[in-house]
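The analysis underlying the following values was restricted to heavy atoms, covering all of them including side chains, and did not include hydrogens, waters or symmetry mates.
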Amino acid sequence: MTNPYQRPTQAQNPYGTTPYGSNSFNLPQHQGPYLPLNQKNRVIAAVLAFFLGSFGVHNFYLGYNTKGLIQAGLGIFGWLTAIFLIGFLVLAGVSLWALAELILIIANVGPYQTDARGVPLD
C-alpha cells in the first residue's frame, strides 16, 4: 500500500525527472535571469565614460538613469555657469566623478560589473 502523502520517486514520475528538481519539465536551461543578447559592452561604456562622462552618457547606456540624470544636470549646469567661474568647479567635480566611474568600468569592480538589470558586462 502506498502513502498518498509520500514524495513520488523516479519510477512514479511519468516525466522522467524529479518533480522537485531544477528542470522538472525538461525546459531549456539558461545561465541566469537574462538573455545573452541583452549584454552591454564594457568597451563602449568605457569610451562613453571617457568622452561624455561629465554628461553621464555611460550611465544612461548601462541603465543607471538616475545617476545619469544627476551627472547630466551637473554637467549642463557647469557649462552654463562657467562664465561665472563657479561652473569650472562643478565641471571639475563631475569630471572627477566620471573618471572614477571610468576606472571602475575598466577594472570591472563595484556596481559596474553589471548593468542596472544585473546582466554582466560583456
Side-chain angles (χ1 to χ4, degrees):
M1 177 172 209
T2 60
N3 183 356
Y5 301 107
Q6 180 183 1
R7 282 183 157 183
T9 62
Q10 186 72 20
Q12 294 172 334
N13 186 1
Y15 300 109
T17 58
T18 60
Y20 305 106
S22 62
N23 194 9
S24 61
F25 295 105
N26 294 325
L27 297 174
Q29 292 293 310
H30 296 286
Q31 295 298 322
Y34 57 88
L35 294 173
L37 298 175
N38 293 334
Q39 284 184 316
K40 303 291 184 180
N41 194 330
R42 178 178 318 281
V43 175
I44 293 175
V47 168
L48 289 173
F50 183 78
F51 289 108
L52 299 170
S54 62
F55 295 109
V57 176
H58 60 288
N59 283 316
F60 288 118
Y61 173 70
L62 294 174
Y64 299 111
N65 294 330
T66 304
K67 198 183 299 186
L69 283 173
I70 293 169
Q71 280 182 330
L74 287 173
I76 292 169
F77 176 77
W79 281 108
L80 291 177
T81 58
I83 194 168
F84 302 114
L85 301 178
I86 190 74
F88 289 117
L89 294 174
V90 174
L91 284 174
V94 174
S95 298
L96 285 175
W97 182 10
L99 177 65
E101 290 180 340
L102 171 65
I103 293 169
L104 291 175
I105 291 170
I106 292 171
N108 193 24
V109 295
Y112 292 101
Q113 292 177 345
T114 63
D115 65 2
R117 295 169 297 154
V119 180
L121 297 181
D122 184 24

ILVMFWY cluster, F77 and L80 together (side-chain gap under 4.5 Å): no
F51, I106: one ILVMFWY side-chain cluster at the under-4.5 Å cut-off? yes
State the CZ-CG distance between F84 and L89, to the nearest 0.5 angstrom. 14.5 Å
Working to the nearest 0.5 angstrom, can you tell me the gap between I83 CD1 and F88 CZ? 9.5 Å
Are L62 and L48 close enough that some pair of their side-chain heavy atoms sits under 4.5 Å apart? no
Using modelled atom types and a 3.5 Å cut-off, is there a donor and acceptor pairing between side-chain atoms of Y64 and backbone atoms of H58? no
Do you know which two heavy atoms are closest between A49 and I105, and how far apart they sit? CB-CD1, 4.2 Å
When rounded to the nearest 0.5 angstrom, what is the spacing between NZ in K40 and CG in D122? 12.0 Å
Taking the side chain as every heavy atom from C-beta outward, state whether I70 and W97 have any pair of such atoms under 4.5 Å apart. yes
Partners passing side-chain hydrogen bond (donor to acceptor under 3.5 Å, both in side chains) against K67 (at least two apart in sequence or in another chain): Y112
Quick one: OG1 on T81 to CG on L91, what's the gap to the nearest 0.5 Å? 7.0 Å
Do F55 and V94 have side chains that get closer than 4.5 Å, going by heavy atoms? no
How many angstroms lie between OG in S54 and CD1 in I76, if you round to the nearest 0.5 Å? 9.5 Å
N41 and Y61, any side-chain heavy atoms less than 4.5 Å apart: yes
Considering all heavy atoms, the nearest G63-A116 contact: O-CB, 3.3 Å
What pairs with I103 under side chain to side chain contact (heavy atoms under 4.5 Å, CB included), at least two apart in sequence or on another chain? L99
Applying a strict under-4.5 Å side-chain criterion to I, L, V, M, F, W and Y, I'd like to know whether L102 and V43 cluster together. yes
Count I, L, V, M, F, W, Y as connected when their side-chain heavy atoms are under 4.5 Å apart, and connections chain through other members. Are V90 and W79 then in the same cluster? no
side-chain hydrogen bond (donor to acceptor under 3.5 Å, both in side chains) partners of N108, counting only residues at least two apart: R42
Same cluster for L121 and F60 if Ile/Leu/Val/Met/Phe/Trp/Tyr side chains link at under 4.5 Å? no
